[in-house]
Amino acid sequence: MPGFDHNTYISPYTWRYGSSEMRAVFSENHKRKLLRRVWVALARAQARAGVVRDDQVKELEKHMDDIDIRRAEEIESLIHHDLMAEIRTYAEQCPDAGGIIHLGATSMDALDNADIIRFKEALEIIRSKLGDLIGRLVEKALQYKDVPTMAFTHIQPAEITTIGYRLAQTIQDLSDDMDDLERFIGNIRAKGFKGAVGTLASYTELLSGTGVKACEMEEWALDELGLKAFDASCQTYTRKQDLKMVEILSDIACSLHKFSLDFRILQTPPIGEFSEPFGKFQVGSSAMPFKRNPINSEKIDSLARLVSSSCQAAWQNASQTILERSLDDSANRRVFIPETFLALDEMLQTEIRIVSGMNIHESGTKRLMDGYSIFSATERLLMELGRRGADRQEMHEVIRRHSLEAWKYVQEGKDNPLKDMLTGDAEILGFLQAEEIEKLLDAAAYTGEAAERTVRVCQTATRPRTNRK
């Protein structure tokens with residue numbers, strides 16, 4: 001294999017995005033070790049059935065980790081079949097057992113089973129980091145569950161929420177994603193050992209006269225690998241499983257994209273409620289020295305688009321697996337599946353850093369409340385007027401008229417005059433005292449059940465999955 005450096009194209013996932021542990025899972029070296037693990041498991045099952053010798057299995061076991069990619073590439077350059085090149089490389093290292101490697105198998109008996117082992121490893125990395133992120137968000141949400149802030153609808157100031165309740169929305173989404181992820185991990189299945197078109201015909205022939213059924217041998221080998229298999233597979237396991245897997249990864253990316261986009265909006269100086277951690281020597285812009293750009297949240301949103309695009313390739317693969325199998329999924333699976341995992345891995349570890357060091361500026365929150373919260377409190381005033389016998393529609397029009405007039409002042413950068421307008425309105429004063437109106441216009445406590453709901457979401461998100469209903 002030629003050396004890779006910065007004089008030729010290398011994937012950003014090779015050195016820029018993703019963790020070393022995720023890169024290792026999808027490394028060529030690890031893939032070939034997993035293939036050998038599959039072949040050894042098959043040989044052990046066949047030895048148990050009496051069709052290969054124990055000493056041959058031991059020789060295979062001895063050389064399981066002796067990966068020689070350079071030799072395999074030399075062979076592949078001649079025969080143009082990557083799996084057979086690895087088999088021949090392995091066979092050269094095992095002179096007594098080389099002839100039994102891959103006995104009765106087709107290429108996908110090895111490749112698909114090795115892939116599922118690899119996917120399970122990668123999914124566990126995602127599960128661990130997703131759990132870590134949820135835990136850190138829960139800490140922040142509980143810390144700020146009672147802190148009121150302006151909520152926005154249509155990207156316009158709306159009513160009052162709390163910082164914790166806003167975070168609870170993301171926690172709830174990610175918690176649902178975790179449920180889907182864990183359900184998938186528990187149900188993921190391999191192809192098994194079923195031969196060229198999935199009928200187990202080759203293994204049935206191999207085991208003829210041994211008293212062992214092909215399905216028994218398959219179960220023995222799968223037990224060695226810690227895998228469950230589909231009852232029916234063709235040359236490959238159904239590619240619908242790949243589609244379901246990347247859809248779940250895309251769902252997680254969607255939740256992260258939403259939170260990161262919101263974070264970017266909340267970091268804008270006119271709002272100024274959140275900000276990413278910013279290093280002492282960090283540069284925000286090559287042209288504007290004062291800039292503190294939310295580059296990590298922007299990176300998450302950028303990578304999320306790539307993760308979402310993987311669903312289309314997976315859908316095409318699943319829908320166009322012609323009859324028992326076609327090879328037109330092979331090249332793209334080498335690309336989009338590892339990159340989907342690596343991109344999401346990078347997104348999660350970046351989000352963990354952001355949440356761990358995020359700044360929540362209560363001064364920014366107070367400024368927003370001072371400027372806009374009175375508008376949302378008008379609903380509270382309207383409810384009380386209704387209780388006092390006022391006509392709801394008439395009072396709505398009175399408050400609407402004053403609110404629109406007050407907006408003109410706010411848009412010009414002047415103090416908000418709405419409180420004075422409402423406490424001095426004769427129609428409203430016909431039902432409430434000025435002091436009562438002023439008290440109702442204090443929106444800080446107008447957060448409903450936000451704090452209680454935040455606690456409920458956090459408790460659900462951190463409860464062991466097995467105890468959920």
Side-chain angles (χ1 to χ4, degrees), residues 130-178 254-278 292-298 300-301 347-348 350-380 410 416 441-462:
L130 180 56
D132 187 0
L133 175 59
I134 290 172
R136 292 171 191 266
L137 282 166
V138 164
E139 290 178 8
K140 295 287 185 182
L142 292 177
Q143 182 180 354
Y144 291 94
K145 63 182 174 59
D146 296 305
V147 178
T149 187
M150 287 303 304
F152 288 78
T153 59
H154 311 277
I155 325 180
Q156 305 295 314
E159 293 190 358
I160 309 302
T161 186
T162 71
I163 293 174
Y165 193 56
R166 176 174 279 151
L167 294 174
Q169 311 300 309
T170 298
I171 295 167
Q172 183 171 257
D173 285 345
L174 291 174
S175 182
D176 288 345
D177 294 334
M178 178 69 91
C254 177
S255 299
L256 297 178
H257 186 287
K258 156 73 169 145
F259 178 69
S260 297
L261 181 58
D262 288 350
F263 199 113
R264 291 160 60 191
I265 291 172
L266 292 172
Q267 183 161 325
T268 58
I271 297 178
E273 187 171 288
F274 287 1
S275 66
E276 290 186 2
F278 198 83
R292 292 172 60 98
N293 299 334
I295 58 172
N296 290 299
S297 294
E298 289 175 313
I300 289 169
D301 284 345
M347 292 167 64
L348 284 167
T350 302
E351 201 72 90
I352 288 168
R353 290 197 302 271
I354 290 172
V355 173
S356 298
M358 69 186 288
N359 301 298
I360 297 177
H361 304 289
E362 294 189 49
S363 58
T365 297
K366 183 179 183 302
R367 176 168 43 80
L368 288 171
M369 292 284 289
D370 290 344
Y372 302 107
S373 66
I374 191 171
F375 289 112
S376 66
T378 59
E379 183 183 50
R380 188 183 187 192
V410 173
N416 192 333
L441 292 176
D442 180 4
Y446 192 53
T447 58
E449 296 184 355
E452 294 86 343
R453 297 276 174 168
T454 299
V455 172
R456 185 184 305 178
V457 168
C458 292
Q459 288 174 339
T460 300
T462 54

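This structure is a prediction, so every number in the text was calculated from the model and none was measured.
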- Does the side chain of Ile300 reach to within under 4.5 Å of the side chain of Glu351, using non-hydrogen atoms? yes
- Query: Would you call Thr162 and Val147 a side-chain contact if the rule is heavy atoms closer than 4.5 Å?
  - Reply: no
- Message: So that I can tick it off, tell me whether Asp442 and Arg380 are bridged by a salt bridge, with the cut-off set at under 4.0 angstrom between side-chain N and carboxylate O.
- Response: no
- Note on the structure: Value for CG (Leu266) from CE (Met358), rounded to nearest 0.5 Å, stands at 8.5 Å
- Query: Do you see a donor-acceptor pair shorter than 3.5 Å between the side chains of Arg136 and Ser356?
  - Reply: yes
- Find out whether Leu256 and Leu174 are in side-chain contact, i.e. whether some heavy atom of one side chain is under 4.5 Å from a heavy atom of the other. yes
- Task: Measure from the side-chain N and O atoms of Glu276 to the backbone N and O of Ser297, and report whether any donor-acceptor pair falls under 3.5 Å.
- Result: yes
- Arg264 side chain to Asn293 main-chain N or O, any donor-acceptor pair under 3.5 Å? no
- Task: Answer yes or no: is there a side-chain heavy-atom contact under 4.5 Å between Leu137 and Phe259?
- Result: yes
- Query: What's the spacing between Asp262 CG and His257 NE2 if we round to 0.5 Å?
  - Reply: 10.0 Å
- Task: Please confirm whether the backbone N or O of Ser373 pairs with a side-chain atom of Ser376, one donor and one acceptor, at under 3.5 Å?
- Result: yes
- Query: Can you tell me how far CG of Asp146 sits from OG1 of Thr447, rounded to the nearest 0.5 angstrom?
  - Reply: 7.5 Å
- Heavy-atom check, side chain of Ile160 versus side chain of Met369, under 4.5 Å: yes
- Message: Check whether Thr460 reaches the backbone of Arg456 with its side chain - one donor and one acceptor, N or O, closer than 3.5 Å.
- Response: yes
- Answer yes or no: is there a side-chain heavy-atom contact under 4.5 Å between Tyr446 and Glu379? yes
- Message: Can you pull out every ring-ring contact (aromatic ring centres under 6.0 Å, His included) where at least one residue sits in residues 351-376? Sequence neighbours excluded, please.
- Response: Tyr372-Trp407, Phe375-Trp407
- Could you give the distance from CD1 (Ile374) to OG1 (Thr378), rounded to the nearest 0.5 Å? 8.5 Å
- For Thr149, enumerate each residue passing the side-chain contact (heavy atoms from CB on, under 4.5 Å) test, keeping only those at least two apart in sequence or located in another chain. Thr161, Ile163, Arg166, Glu273, Thr365
- Message: If I compare all heavy atoms of Ser255 with all of Asp177, which pair ends up nearest, and what's the gap?
- Response: OG-OD2, 2.6 Å
- Item | Greater than 12 external heavy atoms within 6.0 Å of Lys140's NZ | yes
- Message: Under the criterion side chain to side chain donor-acceptor pair (under 3.5 Å), I'd like the reasoning laid out for Asn296 against Thr350: C-alpha separation, chi angles, the key distance, then a yes or no.
- Response: CA-CA 7 Å; Asn296 290 299; Thr350 302; 5.2 Å; no
- Item | Spatial distance of atom CZ (Arg353) from atom CG (Leu348) [nearest 0.5 Å] | 11.0 Å
- Partners of Gln169 by side-chain contact (heavy atoms from CB on, under 4.5 Å), sequence neighbours excluded? Tyr165
- Message: Which heavy atom of Leu368 sits nearest to which heavy atom of Pro270, and what is that distance?
- Response: CD2-O, 4.0 Å
- Under 3.5 Å side-chain donor-acceptor pair for Asn359 and Ser275: yes
- Query: Should Thr268 and Ile271 count as side-chain neighbours, where that means a heavy-atom distance under 4.5 Å?
  - Reply: yes
- Item | From CD1 (Ile155) to CD1 (Ile265), nearest 0.5 Å | 5.0 Å
- Task: State, to 0.1 Å, how close Ser260 and Asp301 come at their nearest heavy-atom pair, and which atoms those are.
- Result: CB-OD1, 3.3 Å
- Residue pair Pro277 / Gly357: nearest heavy atoms and the distance that separates them: CB-O, 3.6 Å
- Query: Are the side chain of Asn416 and the backbone N or O of Gly371 linked by a donor-acceptor pair below 3.5 Å?
  - Reply: yes
- Message: Ignoring hydrogens, what is the shortest heavy-atom contact between Pro148 and Ala444? Give both atom names and the distance.
- Response: CB-O, 3.6 Å
- Query: So do the side chains of Cys458 and Ile171 get within less than 4.5 Å of each other, counting heavy atoms only?
  - Reply: yes
